[in-house]
**Q** 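Following this message is one structure expressed as structure tokens.
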Number of protein chains: 2
Amino acid sequence: MSGRLDRIDLKILRLLQNNGRLSNAELAASVAISPATCHRRTQRLFEDGFIAAVRAMVAPKKVAKGTLVMVGVVLDRSTPESFATFEQAIAKLKFVLDCHLVAGDFDYFLKIRVGDMEDFNRIHGEQLIALPGVRQTRTFFVMKEVVDNAPLEF
Amino acid sequence: MSGRLDRIDLKILRLLQNNGRLSNAELAASVAISPATCHRRTQRLFEDGFIAAVRAMVAPKKVAKGTLVMVGVVLDRSTPESFATFEQAIAKLKFVLDCHLVAGDFDYFLKIRVGDMEDFNRIHGEQLIALPGVRQTRTFFVMKEVVDNAPLEF
DNA sequence: TCTCCAAGTGAAAGATTCTTCCATGTCCGG
DNA sequence: CCGGACATGGAAGAATCTTTCACTTGGAGA
């Protein structure tokens, strides 16, 4: 069922992870099976949820989103209601790439993309600290993106 | 730069970001232009680097990488050589999804995917604290992934 | 061992799509 | 008004997709 992946499935997954626009014919040739079989396998990988989505990775700098910021957030209270309200509000902020509830000195970690620092300052003042239940935020400007969104190894 | 993108280009980018396997014919129909024109436009978006890559997003839980961890790293010394050595070593660790040089209480922020906490503990002890020049690390286990790797808004 | 069944496989073929070529249309600067 | 650079869509051969079907394989049970 959805549990087992043989070597061919794994190879298909890895190839599609590196180039999601590979044609079925190219995939089939790369894994040395017929196009028909490859088509069926790939279809199953999608249907069974092994591939959540195929996404074109738009170059951030090309669309004026070249500035990356990490933000640690501490809430006033650590109640389930407080968390739920915060998460609901975060989901509407489209510049938030990641939002994770963590264990440690912060309640949440955010990963945010904006055009520049000025852009971030406005967003921080108008939207971040205005989020429900936020006690404080700590901003970490990214000065260099060493690795960003690397493909998953498995 | 990005001023060269008209509404049709932007629409193509957004559509491919949501579904990187859209066929040229489907794209053309969605943006109301001919397949030939759509093909040329899309090709240009790739050639000019607006689309860095197209990736199948493999579901982490399906391939035993369901545990996410954020790690803050402080180095012994803040010299260019120290940074360069660290970054060179990080690039070889395939479980590191993000590695960013930041301004603030840490030198680097890492985003890591592993199978489980036990998995992380081994990696932390064997590989992370063994990285060159690391003074200390602070681990933030992710308890809930509210938003992970959301598509870029532009 | 033999039989049967389920699952996987590849050849084949019609439908669809890709990709290129070319004539036409549009926008500006001269 | 003209001319050139560029963008557009139609058309058509080449390539690909997607389904069908018959065959092979592997394992469970008699």
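Below, read A as the first sequence line, B as the second, and so on, with proteins coming before strands; counting in each chain starts at 1.
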**Q** Using a 4.0 Å cut-off on protein heavy atoms (strictly under), produce a 5'-to-3' string for nucleotides 6-20 of chain D with B for base contact, S for backbone-only sugar-phosphate contact, and - for none.
**A** --BBB------SBB-
**Q** Can you sort out the partners of Lys61(B) under salt bridge (charged side-chain N to carboxylate O under 4.0 Å, His left out), two or more places apart, ordered by chain and number?
**A** none
**Q** Can you give the donor-acceptor pairs under 3.5 Å from side chains of residues 121-133 of chain B to other protein atoms, not counting sequence neighbours?
**A**
{"from": "Arg122(B)", "atom 1": "NH2", "to": "Asp119(B)", "atom 2": "OD1", "distance (Å)": "2.7"}
{"from": "His124(B)", "atom 1": "NE2", "to": "Thr137(B)", "atom 2": "OG1", "distance (Å)": "2.9"}

**Q** Rounding to 10 degrees, work out the angle separating the end axes of the helix from dT1(C)-dA30(D) to dG30(C)-dC1(D) (five pairs an end).
**A** 30°
**Q** For a quick test of your reading: what N or O donor-acceptor pairs under 3.5 Å do the side chains of residues 70-86 of chain B make, sequence neighbours left out?
**A**
{"from": "Thr79(B)", "atom 1": "OG1", "to": "Ser82(B)", "atom 2": "N", "distance (Å)": "3.1"}
{"from": "Ser82(B)", "atom 1": "OG", "to": "Arg77(B)", "atom 2": "O", "distance (Å)": "3.1"}
{"from": "Thr85(B)", "atom 1": "OG1", "to": "Glu81(B)", "atom 2": "O", "distance (Å)": "2.8"}

**Q** Can you list the residues that meet the ring-ring contact (aromatic ring centres under 6.0 Å, His included) rule with Phe141(A), with sequence neighbours excluded?
**A** Phe120(A)
**Q** Under the side-chain hydrogen bond (donor to acceptor under 3.5 Å, both in side chains) rule, collect the residues that match up with Lys144(B), sequence neighbours excluded.
**A** Glu87(A)
**Q** Enumerate donor-acceptor pairs with a distance under 3.5 Å from any side-chain N or O in residues 8-16 of chain B to protein atoms, sequence neighbours excluded.
**A**
{"from": "Asp9(B)", "atom 1": "OD1", "to": "Arg41(B)", "atom 2": "NH1", "distance (Å)": "3.2"}
{"from": "Asp9(B)", "atom 1": "OD2", "to": "Asp6(B)", "atom 2": "N", "distance (Å)": "3.4"}
{"from": "Asp9(B)", "atom 1": "OD2", "to": "Arg41(B)", "atom 2": "NH1", "distance (Å)": "3.3"}
{"from": "Asp9(B)", "atom 1": "OD2", "to": "Arg44(B)", "atom 2": "NH2", "distance (Å)": "3.0"}
{"from": "Arg14(B)", "atom 1": "NE", "to": "Phe154(B)", "atom 2": "O", "distance (Å)": "3.3"}
{"from": "Arg14(B)", "atom 1": "NH2", "to": "Phe154(B)", "atom 2": "O", "distance (Å)": "2.5"}

**Q** Would you please name every residue forming a side-chain hydrogen bond (donor to acceptor under 3.5 Å, both in side chains) with Gln88(A), sequence neighbours left out?
**A** none
